[in-house]
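Reviewing the structure listed below.
The figures here come from the full heavy-atom set of this structure, side chains too, leaving out hydrogens, waters and symmetry mates. Naming: A, B, ... by sequence-line order, numbering from 1 per chain.
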Amino acid sequence: MMPRLKMKLFAGLAALSLTLAAFSAGAEAATHALDLSGTEMSAQESLQTALILAEPGDTLLLPEGTFALTDGLSLDIDNVTLKGAGPEKTILSFKNQEAGSEGLMVTSSGVTLEDFAIEDAKGDAIKVMGADGITMRRLRTEWTDGPKETNGAYGLYPVSSKNVLIDNCTAIGASDAGIYVGQSQHIIVKNSRAAFNVAGIEIENSYYADVFGNTAEHNTGGILIFDLPGLPQQGGHSIRVFDNRVVNNDTGNFAPEGNIVGEVPTGTGIMVMANRNVEVFGNEIADNGTTNVLIVAYPNDYEDENYFPFPQGIHVHGNRIGEGGTTPDNEIGELIAQITGTPIPDIIWDGRMPWGDYFFGPEAGNGIYIGENTATDEGGQVDFANVDATMWYAANWFHSTKRELPDHAGGPATLTPVTLAPVTQPQETQ
Amino acid sequence: MKRAAHILLGLALWAGGALPAGAVNMEAVLSKRPAATLSAYGLFEDGGAQRPAKGVLPYDLITPLFSDYAEKRRFVFVPEGKVASYDGEDIFSFPVGSVLVKTFAYKDESAAAAHGLRLIETRLLIHGEDGWHAYPYVWNEAQSEAVLKVAGARMEIPVPRPDGRILTARYAVPNVNQCKGCHVSGKTLEPIGPKARNLNHDFSYESGPANQLSTWQEAGILTGLPDGGPGAWPRVPDWSDPESGTLAVRARAYLDVNCAHCHKEDGPAKTSGLFLTWQEQDPARWGVHKRPVAAGRGSGGLAFDIVPGDPEASILHYRMNSADPGIMMPELGRSLIHEEGVALIRTWIEQL
């Protein structure tokens, strides 16, 4: 039989012309109420066409309702606002997505996304790449079947961006991180909720971040501050994690293997890996089964001479810390438990540092500084252990767990609040 | 000389229409807004037959991008009196008003279309005053016209394979943002294909086979070609032809064309730390024992992009061998697995 070609176009030229006409009214910023009813064009084509034809300054209003999308959406126009009727009212469902590694990809600057939900994207829910200025407000990203290895990696995923604001968002079910900010600078993540993800909130290879007022619960790990080798931006620093609730992180790790978060033990509260100048204060941290606070060096081999794998200038103080460490998970949790016994202390440092520092102490300001923290469990106390992983592996005979707080020279750097620059750069025309 | 032959051919074949004989419509090319129809540009004498207008030269690439087994017809247009400058590494510097044309088609013996080809879409890369622009035009059933589809389109296309299987491509015409997804370099849009190393071989012109770079120079659309002839100019091997290079260079040529438009220093995939350009020398940067960063389930439970000797343990192989949008690489431009490409990479990793 001769192969016959079937062409199924989304809609005809007539529909496109209508849309073009609707958008050619002028260069003045305008508000467009989008029709996603599918009567003239599919919701997919209507929305994608609007995202392409928008002018800088335009607001695109998404109607209330659940809309099925088949391909990833993308926005590449600066200073556009995409606004729905609310994170429970305007739902973009990607359950039947056929192509695209994201639900929505933003590659322009000064964009505001607010009041809608992205559900069941095949890859990441919302990725923002290379933006100067991105606001995500009252968004929800969710994989609706609950934690599953086949869920997409990230919910809210700004990367390689500057001036990032994530406010009042909800991220559920990501197989890597619900809220993930990577290789970015000047970041605020606040008043959001991350639940049932592998990592609730993760700040990775980033500079100048304030993470506050969030709730991270029922993830594998609550809030992770990571730095990884071999990337264009590394040496993460100047990050404040404060006034968050990091509780009941008890979902088994469902990250596909190979990803760094796949190594995070179930029941990790706040974890700092290989960053400089991180301040963790004023948080409520409790009921995290492996440990409430974990400070570690990068654990894997790497080939990157520019990479610094150790945490430096970490300051943990003024937190209210409850029970935890009663159900250590995976080989990391078991190793710690082997060294400290169970329950594992509230604050664990792996004790790894450059050999010079190991014998002579870190330079002033580069140490681990544990201040006053308050126990919230009855009769409890906030305990600490330096598990001395260096010696555990290198020369076990000399290994010693240290329960007293480190007495490192100098004190932690004073970190200033993050401010986001307004987007003032001229519009680049394409 | 060759250009003159095309002019004569064009005049001889001109069959009428709104435009002057065989002339590219520079007003349409330089307009801020894309034309609604492909024919408005006057790039073809006969679009359905893919017969180019005067001054529009066909070309091909030694190692092309895989696009769901589509056949491609490529053309280059440089405005009269202007010339592109040679570059040994990167894309040539094309003058304003240049157009790169790529038509995607499938063999279809039942179609009325000429040459047994069903034309699907023609993508234009137009070098306007303010930079390059990318526009997709989708052909109609009658194969008489192609119309602009800024939001892209999707269609089902049967793809017969040599072993008798008939696969179904969920062929995607990219929207203009998706065009940029691959064609972006830094913040600006750029062509990908026409680099010296990927053009430096003979093309079967109507007047006979001739080296493409020499032909471009003779046609007056390329300047700065170094002395020494084709043997002195850079050349990638044909990924599918063992005669043209070792397994290693053919694999790297394949990855360069299929992956490096994103996986390069200023490309959209730079944040992965995986760089698959032809020039990349550091094995750790092209994937050997490199850990995934934000791959999600794209890692397939594997720890490294490339494990020498073990393709089954290599994420690179895993993602090429998938058609799941959350896993597959490249992210765009295919719905089918390129079985022959996967086999090449598989064999290469086995022998690393």
Rounded to the nearest 0.5 Å, what's the gap from CG on B:N177 to CD on A:Q48? Could you check? 5.5 Å
Is B:R297 reaching over with its side chain to a backbone N or O of A:T150, donor-acceptor style, under 3.5 angstrom? yes
CZ-OG1 distance between B:R154 and A:T70, expressed to the nearest 0.5 angstrom: 6.5 Å
Can you tell which part of A:S101 gets under 4.5 Å to a heavy atom of chain B, answering side chain, backbone, both or neither? both
When every non-hydrogen atom of A:P232 is compared with those of B:K270, the smallest separation belongs to CG-O, 3.0 Å
Side chain, backbone, both or neither: which part of B:S272 has an atom under 4.5 Å from a heavy atom of chain A? backbone
Test item: A:E204 and B:V293 side chains (from C-beta on) under 4.5 Å apart, heavy atoms: yes
Identify which part of A:Q233 has an atom lying under 4.5 Å from any heavy atom of chain B, answering side chain, backbone, both or neither. neither
Can you say whether A:N151 sits under 4.5 Å from chain B via the side chain, the backbone, both, or neither, judging by heavy atoms? backbone
Atom group of A:A255 that falls short of 4.5 Å from chain B, counting heavy atoms: neither
In this structure, CZ of B:R170 is separated from CG of A:D71 (nearest 0.5 Å) by 8.5 Å
Tell me, for A:Y154 versus chain B, whether the close heavy atoms (under 4.5 Å) come from the side chain, the backbone, both or neither. side chain
Between A:A121, A:A99, A:A153, A:G72, the one whose heavy-atom pairs under 4.5 Å with chain B are most numerous: A:A99
